[in-house]
Amino acid sequence: MSIFRDLDGNEWRVQLDAFAIEEVKRETGIDLADISAGGWLAIATDAAAVGRVLAVLCGEEIRAHKVTARAFARLVRGDAIPRGREALLDEGADFFPASEWSEMQSSLMKRRSSKTQTDQLNLIGLDNATKILPLAEAFMRLDAMTQQQLVDEARASTDSPISADAASASGQENTPPTSATASPASAESPLVDSR
């Protein structure tokens, strides 16, 4: 069980279990059990998501204190958000098996990186950057071996083989002249009878 303090200094207990995770998903749409870390990305990047998840997980305490979820949410602002986020992450590490939590954290780092890259694309004015993100997220959900195979295949389909003289094999072919004089003009001239 983890504890965090709200803006007024009140302590709230946070504990994850199978039923709590399902309740969070039902009440907020945030899936903390998703191995691809979609729910944990929301926790890491969305302050409002932190407040909503904490309101669900602290629901019994909120009712015991005769406070509404809305009043609780008003206390989870500013510095209380990172404290609540830390409590949630501590609970995730405590609840999930180490290997599964490690995989979720790895997926979370990949998703954050993907989000950062998409944000950078948006900053330079690429309107379709938001179309790229779902593809990048789907790629990040793949296991490492499948990701590497796709990267290798992409490289193979875009790399040009190198010819013997180190020129690219793609593009217009450069065929040497075929006449005895090696002159392009003589190769194209009609044959003249020199008898």
Side-chain angles (χ1 to χ4, degrees), residues 1-127 129-141:
M1 179 181 317
S2 298
I3 297 173
F4 81 98
R5 292 183 186 275
D6 65 22
L7 282 180
D8 287 347
N10 302 312
E11 287 188 350
W12 300 91
R13 288 162 199 68
V14 178
Q15 187 169 14
L16 285 181
D17 60 43
F19 292 105
I21 288 173
E22 283 302 313
E23 186 178 5
V24 165
K25 183 177 177 182
R26 186 177 57 252
E27 298 291 323
T28 68
I30 296 171
D31 186 359
L32 298 178
D34 177 12
I35 198 75
S36 71
W40 291 102
L41 179 65
I43 298 299
T45 60
D46 183 351
V50 172
R52 291 191 320 272
V53 169
L54 288 171
V56 171
L57 294 176
C58 297
E60 288 180 23
E61 275 188 279
I62 291 170
R63 289 184 290 279
H65 284 92
K66 298 187 181 184
V67 178
T68 65
R70 179 73 121 215
F72 170 82
R74 286 190 199 109
L75 296 172
V76 181
R77 304 167 44 123
D79 291 337
I81 292 170
R83 291 191 296 260
R85 184 177 284 134
E86 184 177 338
L88 288 168
L89 289 170
D90 289 347
E91 278 303 297
D94 187 48
F95 174 76
F96 293 100
S99 61
E100 199 170 316
W101 184 246
S102 175
E103 190 171 337
M104 285 179 166
Q105 292 304 296
S106 176
S107 292
L108 178 59
M109 288 185 347
K110 289 177 184 178
R111 282 176 163 256
R112 278 183 171 170
S113 174
S114 175
K115 183 178 182 333
T116 300
Q117 290 171 354
T118 300
D119 290 347
Q120 289 170 347
L121 290 173
N122 281 331
L123 286 176
I124 61 172
L126 296 178
D127 295 332
T130 55
K131 296 174 187 170
I132 295 170
L133 185 58
L135 293 173
E137 287 180 348
F139 179 80
M140 295 303 174
R141 284 189 208 113

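Fair warning: this is a prediction, and the values are worked out from it, not measured in the lab.
For N10, the side chain to side chain donor-acceptor pair (under 3.5 Å) partners at least two apart in sequence or on another chain are D6. Listed by chain and number, the residues in a side chain to side chain donor-acceptor pair (under 3.5 Å) with E61 are R13 (sequence neighbours excluded). Residues satisfying the salt bridge (Lys or Arg N to Asp or Glu O under 4.0 Å) test with E11, not counting sequence neighbours, are R5. For F72, the ring-ring contact (aromatic ring centres under 6.0 Å, His included) partners at least two apart in sequence or on another chain are W12. Every residue meeting the side chain to side chain donor-acceptor pair (under 3.5 Å) condition with S2, not counting sequence neighbours, appears here in chain and number order: E91.
Atom CG of D8 sits about 5.0 Å away from atom CG of L75, to the nearest 0.5 Å. In this structure, CG in D46 is found 9.0 Å from CG in L41, a value given to the nearest 0.5 Å. Note: I81 CD1 to F4 CZ = 10.0 Å, rounded to the nearest 0.5 Å. For the atom pair CZ (R26) and CZ (F19), the distance works out to 10.5 Å, reported to the nearest 0.5 Å.
Residues A49 and I30 come closest through the heavy atom pair CB-CD1, 3.6 Å. The two atoms that bring V50 and G84 nearest to each other are CG1-C, 4.2 Å, heavy atoms only. Closest of all the heavy-atom pairs between P82 and G78 is CD-O, 3.2 Å.
Sequence neighbours left out, not one pair with a member in residues 65-86 passes side chain to side chain donor-acceptor pair (under 3.5 Å). Residue pairs satisfying the side chain to side chain donor-acceptor pair (under 3.5 Å) criterion with at least one member in residues 15-25, sequence neighbours excluded, are absent.
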Quick one, I43 with L32, criterion side-chain contact (heavy atoms from CB on, under 4.5 Å). Give me CA distance, side-chain angles, the key distance, then yes/no. CA-CA 9 Å; I43 298 299; L32 298 178; 4.0 Å; yes
Give the C-alpha distance, both sets of side-chain angles, the deciding distance and a yes or no for side-chain contact (heavy atoms from CB on, under 4.5 Å) between L16 and D94. CA-CA 8 Å; L16 285 181; D94 187 48; over 6 Å; no
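Side-chain contact between F95 and I21 is present, with at least one heavy-atom pair separated by less than 4.5 Å. Contact of the L89 side chain with the W40 side chain is registered, since non-hydrogen atoms from C-beta on lie closer than 4.5 Å.
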For residues 52-59, dump all side-chain donor-acceptor pairs below 3.5 Å to protein atoms at least two apart in sequence or in another chain.
none

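In this structure, S106 contributes its side chain and S102 its backbone to no donor-acceptor pair below 3.5 Å.
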